[in-house]
Amino acid sequence: MSAELPMSGEEMLTTTRSVRRGLDLERAVDPELVKDCLRLALQAPNGNNRQKWRWILLTDPRVRANVAEVYRAAFHDRNAAALERLDEVPEGTRSVLTAARALADRLHRVPVLVIPCLELPDGRLPTGNQAALWASLLPAAWSYALAARSRGLVTAWTAVHLDREQEVADLLGLPATVRQGALLPTAYPLRTTFRPGPRLPLEEVLHHDGWQGRD
């Protein structure tokens with residue numbers, strides 16, 4: 001981002017990347033700056049404005065190390081087979097996997113971890129489609145990522161640790177009514193310019209006036 005010109009909304013929306021490798025692990029992040037980003041995130045929509053979101057901010061090195069240990073175990077449980085045959089997978093998949101492994105291996109060194117959560121009446125997730133439930137949290141989590149980008153920070157969206165959600169809940173002393181939705185490592189980047197990510201053309205994913213309608 002230029003030092004003279006503010007970041008446009010379009011630039012922020014198209015260049016807020018999941019940064020896994022290019023994190024500055026030596027530069028401290030002021031928790032107050034993270035709190036400013038979270039205050040902006042709380043303007044996101046949520047069901048009936050109940051604001052059942054809860055935010056876990058992790059800065060203590062010992063706490064981060066404990067969470068990172070669980071994260072690594074979950075990551076390798078999920079990806080062990082793919083990591084053993086990296087030479088057989090497409091280059092794009094290989095790049096994402098190796099970057100994700102790098103993040104898992106160094107997660108304990110990321111200066112700030114943010115875990116967005118929802119507080120539910122009994123802590124149980126509903127059966128069937130859960131879109132309405134998570135729509136009361138995930139837009140705010142993404143708003144946090146955008147706010148962090150606008151302030152010179154970067155994040156990585158990950159939810160691998162949810163494979164061992166209860167272990168992390170026990171580490172952090174979360175009540176049974178609180179469910180985690182993601183984990184957002186937050187740091188300063190090693191570089192400040194980012195390009196839009198590779199995405200399918202809109203024409204390949206847009207259906208107009210029904211599934212059969214394609215532009």
Side-chain angles (χ1 to χ4, degrees), residues 15-38 41 53-84 86 89 92-118 134 137-138 140-149 151-174 178-192 194 197:
T15 64
T16 300
R17 313 257 39 88
S18 276
V19 180
R20 302 178 180 91
R21 293 184 186 274
L23 302 170
D24 190 339
L25 303 177
E26 306 300 328
R27 184 177 177 184
V29 173
D30 186 348
E32 293 304 316
L33 179 59
V34 175
K35 291 177 185 178
D36 285 343
C37 296
L38 288 171
W53 45 42
R54 300 292 182 265
W55 303 85
I56 314 299
L57 173 59
L58 305 181
T59 59
D60 185 297
R62 290 171 297 178
V63 176
R64 288 185 284 117
N66 289 337
V67 170
E69 184 176 357
V70 176
Y71 183 98
R72 276 190 293 274
F75 175 82
H76 288 288
D77 284 349
R78 181 186 291 195
N79 297 291
L83 290 169
E84 288 178 358
L86 279 175
V89 300
T93 302
R94 181 165 61 249
S95 176
V96 170
L97 273 174
T98 55
R101 179 174 60 187
L103 176 63
D105 290 345
R106 303 183 302 162
L107 188 65
H108 60 290
R109 297 181 58 200
V110 179
V112 171
L113 304 178
V114 173
I115 302 178
C117 303
L118 273 178
W134 294 110
L137 178 67
L138 300 188
W142 184 240
S143 287
Y144 166 73
L146 293 170
R149 168 81 172 116
R151 281 154 173 71
L153 300 169
V154 289
T155 59
W157 186 289
T158 178
V160 173
H161 79 290
L162 296 181
D163 291 351
R164 298 190 176 209
E165 181 184 5
Q166 189 58 53
E167 291 182 48
V168 174
D170 292 342
L171 283 173
L172 301 178
L174 303 185
V178 172
R179 301 302 299 263
Q180 300 161 63
L183 187 149
L184 298 163
T186 304
Y188 284 100
L190 293 175
R191 60 188 177 89
T192 57
F194 297 90

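The figures that follow rest on heavy atoms only: side chains count, while hydrogens, waters and symmetry mates do not.
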- prompt: Between Phe75 and Leu83, does a side-chain contact (heavy atoms from CB on, under 4.5 Å) hold up when you go through it step by step?
  reply: CA-CA 11 Å; Phe75 175 82; Leu83 290 169; 3.8 Å; yes
Pair Leu171-Val63, side-chain contact (heavy atoms from CB on, under 4.5 Å): steps then yes or no: CA-CA 8 Å; Leu171 283 173; Val63 176; over 6 Å; no
message: Between Val67 and His161, does the side-chain contact (heavy atoms from CB on, under 4.5 Å) criterion hold? Intermediate values first, please.
response: CA-CA 8 Å; Val67 170; His161 79 290; 5.7 Å; no
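Across all their heavy atoms, Thr186 and Leu153 have their closest contact at CG2-CD1, 4.1 Å. Of all non-hydrogen atoms in Trp55 and Pro116, the two that sit nearest each other are CZ3-CB, 3.4 Å. Scanning both residues, Ala141 and Leu184, for their nearest heavy atoms gives O-CD1, 3.9 Å. Pairing each heavy atom of Leu162 with each of Ala182, the nearest pair is CD1-N, 4.4 Å. Contact between Val110 and Ala187 at its shortest, heavy atoms only, is CG1-CB, 4.4 Å. Trp134 and Gly181 make their closest contact through CZ3-CA, 3.8 Å (heavy atoms, listed as atom of the first residue, atom of the second, distance).
Residues passing the salt bridge (Lys or Arg N to Asp or Glu O under 4.0 Å) test with Arg62, sequence neighbours excluded: Asp60. Residues satisfying the side chain to side chain donor-acceptor pair (under 3.5 Å) criterion with Arg64, sequence neighbours excluded, are absent altogether. A search for side chain to side chain contact (heavy atoms under 4.5 Å, CB included) contacts involving Ile56 returns Leu58, Ile115, Cys117, Leu172, Leu174, not counting sequence neighbours. Shown here are the salt bridge (Lys or Arg N to Asp or Glu O under 4.0 Å) partners of Asp163, two or more places apart in sequence or in another chain: Arg78. Residues meeting the salt bridge (Lys or Arg N to Asp or Glu O under 4.0 Å) test with Asp105, sequence neighbours left out: none. With sequence neighbours left out, Glu69 forms a salt bridge (Lys or Arg N to Asp or Glu O under 4.0 Å) with no residue at all. Taking Arg17 as the reference, Val19, Phe194, Arg199 meet the side chain to side chain contact (heavy atoms under 4.5 Å, CB included) condition, with sequence neighbours excluded. Not counting sequence neighbours, the partners of Ser143 by the side chain to side chain contact (heavy atoms under 4.5 Å, CB included) test are Ala41, Ala44. Every residue meeting the side chain to side chain contact (heavy atoms under 4.5 Å, CB included) condition with Ala145, not counting sequence neighbours, appears here in chain and number order: Thr16, Trp142, Thr155. Among residues two or more places apart in sequence or in another chain, the side chain to side chain donor-acceptor pair (under 3.5 Å) test is passed with Arg179 by Glu165.
In this structure, CZ in Arg72 is found 11.5 Å from CZ in Arg106, a value given to the nearest 0.5 Å. Atoms OH and SG, on Tyr144 and Cys37 in that order, are 5.5 Å from each other to the nearest 0.5 Å. Note that CG of Asn66 is 11.5 Å distant from CD of Glu167, once rounded to the nearest 0.5 Å.
Counting only residues at least two apart or in different chains, side-chain hydrogen bond (donor to acceptor under 3.5 Å, both in side chains) contacts with residues 23-37 comprise Glu26-Arg109, Glu32-Lys35, Asp36-Arg39. The side-chain hydrogen bond (donor to acceptor under 3.5 Å, both in side chains) contacts involving residues 92-102 comprise Arg21-Thr98, where partners must be two or more places apart or lie in separate chains.
Thr158 places no side-chain N or O within 3.5 Å of a backbone atom of Leu183 that could act as its donor or acceptor partner.
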